[in-house]
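Taking it in order: structure first as structure tokens, then the write-up.
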Amino acid sequence: MGDHRQQNGYAAAFKTFLDSTDEKAVLLARLSELLAQRQVVSLLDIGAGNGDLAIPLSATVETYTAIEPHQEFAQHLRDSGLCVIESTFPCDVGKRFDAVLASHSLPSRAQEKGSWKPFVEAAWRCVNDRGHLLMITFEDENNAWSKLVEATGIGGSTSEVRLPYLRSCIQGLGPLEEEAIMTHVRTRTVEDMARALAFVWSDGHPELYEQFLANQH
């Protein structure tokens, strides 16, 4: 029963975060611009999720393929008319693409970082000659979020040092360009803000979500 309540609370926090952040809108605008600038015709979207970003993004290219391991999300994408490979990446995609997008789709647990380099290399192999690998993740240090977490005294999340490690995984594959994109979380109540931030800090783990909320700072 406790685990069930915990999962329900985490799911509610996920919804609170999605309802409160402008992240999808900001990313959609910037990605659409990049795909147009680079004349991308075919796109592979690794970890397409619930479709909030995937469905409108698919309309910006001629050929779109989603990779999504969660059955409910995968079915929703299919019902929306998208080509879906229901699998965890890396997997066989059968062809190469002008661009491959991996938005917050790296393995989340810190102890699974050993799988990041094979993930990145497999994604790169799906890219056409002169194509582009677009990877989106959270900045870890020297920003408003990291300063807030530091002020609470609760410590870094499981995504700690994500960006520097990701750089090392990409190094040597091709030219690397980085861009910082600012997004915001806005809520009506302090309680909703705490739940939304707990979701971000927990990086996908209900136990850590509860730990963040239990902090009294």
Side-chain angles (χ1 to χ4, degrees), residues 11 14-15 17-18 21 23-36 38-138 158-159 162-163 165-167 169-170 173-174 176 179 181 183 199 203-205:
F14 185 22
K15 185 177 186 306
F17 173 75
L18 291 179
T21 182
E23 179 178 314
K24 293 290 177 72
V26 171
L27 289 180
L28 177 61
R30 183 58 182 135
L31 286 170
S32 298
E33 184 180 29
L34 283 173
L35 296 178
R38 300 179 185 189
Q39 299 180 321
V40 170
V41 174
S42 58
L43 175 65
L44 176 67
D45 188 355
I46 302 173
N50 66 358
D52 286 352
L53 182 60
I55 293 170
L57 199 60
S58 68
T60 68
V61 295
E62 291 183 14
T63 303
Y64 173 93
T65 299
I67 297 177
E68 176 51 50
H70 298 288
Q71 183 178 11
E72 183 178 350
F73 287 164
Q75 188 58 52
H76 175 62
L77 295 171
R78 288 194 197 96
D79 291 343
S80 301
L82 304 187
C83 175
V84 182
I85 300 172
E86 189 174 332
S87 176
T88 299
F89 190 80
C91 60
D92 182 19
V93 299
K95 56 183 178 181
R96 299 168 73 192
F97 296 79
D98 295 338
V100 174
L101 171 64
S103 178
H104 301 298
S105 52
L106 286 164
S108 59
R109 293 180 183 273
Q111 61 265 36
E112 291 176 359
K113 282 185 178 176
S115 65
W116 287 12
K117 189 171 180 62
F119 180 103
V120 171
E121 291 175 343
W124 182 248
R125 288 194 294 271
C126 297
V127 178
N128 282 334
D129 295 339
R130 299 187 180 182
H132 307 277
L133 173 59
L134 307 173
M135 303 199 72
I136 300 172
T137 191
F138 293 113
T158 56
S159 63
R162 177 186 298 269
L163 190 57
Y165 188 82
L166 181 56
R167 286 193 193 103
C169 294
I170 296 173
L173 295 180
L176 174 62
E179 178 178 348
I181 298 176
T183 61
F199 170 78
D203 200 30
H205 306 291

Name each donor-acceptor pair under 3.5 Å that joins a side chain in residues 121-129 to protein atoms two or more places apart or in another chain, with its distance.
from: Glu121; atom 1: OE2; to: Lys117; atom 2: NZ; distance (Å): 3.4
from: Asn128; atom 1: ND2; to: Asp98; atom 2: OD1; distance (Å): 2.9
from: Asp129; atom 1: OD1; to: Arg96; atom 2: NH2; distance (Å): 3.2

Pair up each side-chain donor or acceptor in residues 53-65 with any protein partner under 3.5 Å, not counting sequence neighbours, and list the distances.
from: Ser58; atom 1: OG; to: Ile55; atom 2: O; distance (Å): 2.6
from: Thr60; atom 1: OG1; to: Leu57; atom 2: O; distance (Å): 2.6
from: Tyr64; atom 1: OH; to: Asp45; atom 2: OD2; distance (Å): 2.7

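To the nearest 0.5 Å, the span separating CZ on Arg78 from CD on Glu68 amounts to 10.0 Å. Put simply, CD on Gln71 and NE2 on His76 are 14.5 Å apart, with the number rounded to the nearest 0.5 Å. Between atom CG of residue Leu77 and atom CD1 of residue Ile67 there is a gap of 12.0 Å, rounded to the nearest 0.5 Å. Once rounded to the nearest 0.5 Å, the distance linking CD of Glu23 with CG of Asp52 reads 11.0 Å. Atom CD1 in Ile85 sits 5.0 Å away from atom SG in Cys91 (nearest 0.5 Å). Between the CG atom in Asn50 and the NZ atom in Lys24 there is a gap of 4.5 Å [rounded to 0.5 Å].
Taking 4.5 Å as the limit, some side-chain heavy atom of Leu31 sits within range of a side-chain heavy atom of Ile136. Using a 4.5 Å cut-off on side-chain heavy atoms (C-beta onward), Leu44 and Lys95 make no contact.
The ring pair (Phe, Tyr, Trp, His ring centres under 6.0 Å) contacts involving residues 80-100 comprise Phe89-Phe119, where partners must be two or more places apart or lie in separate chains.
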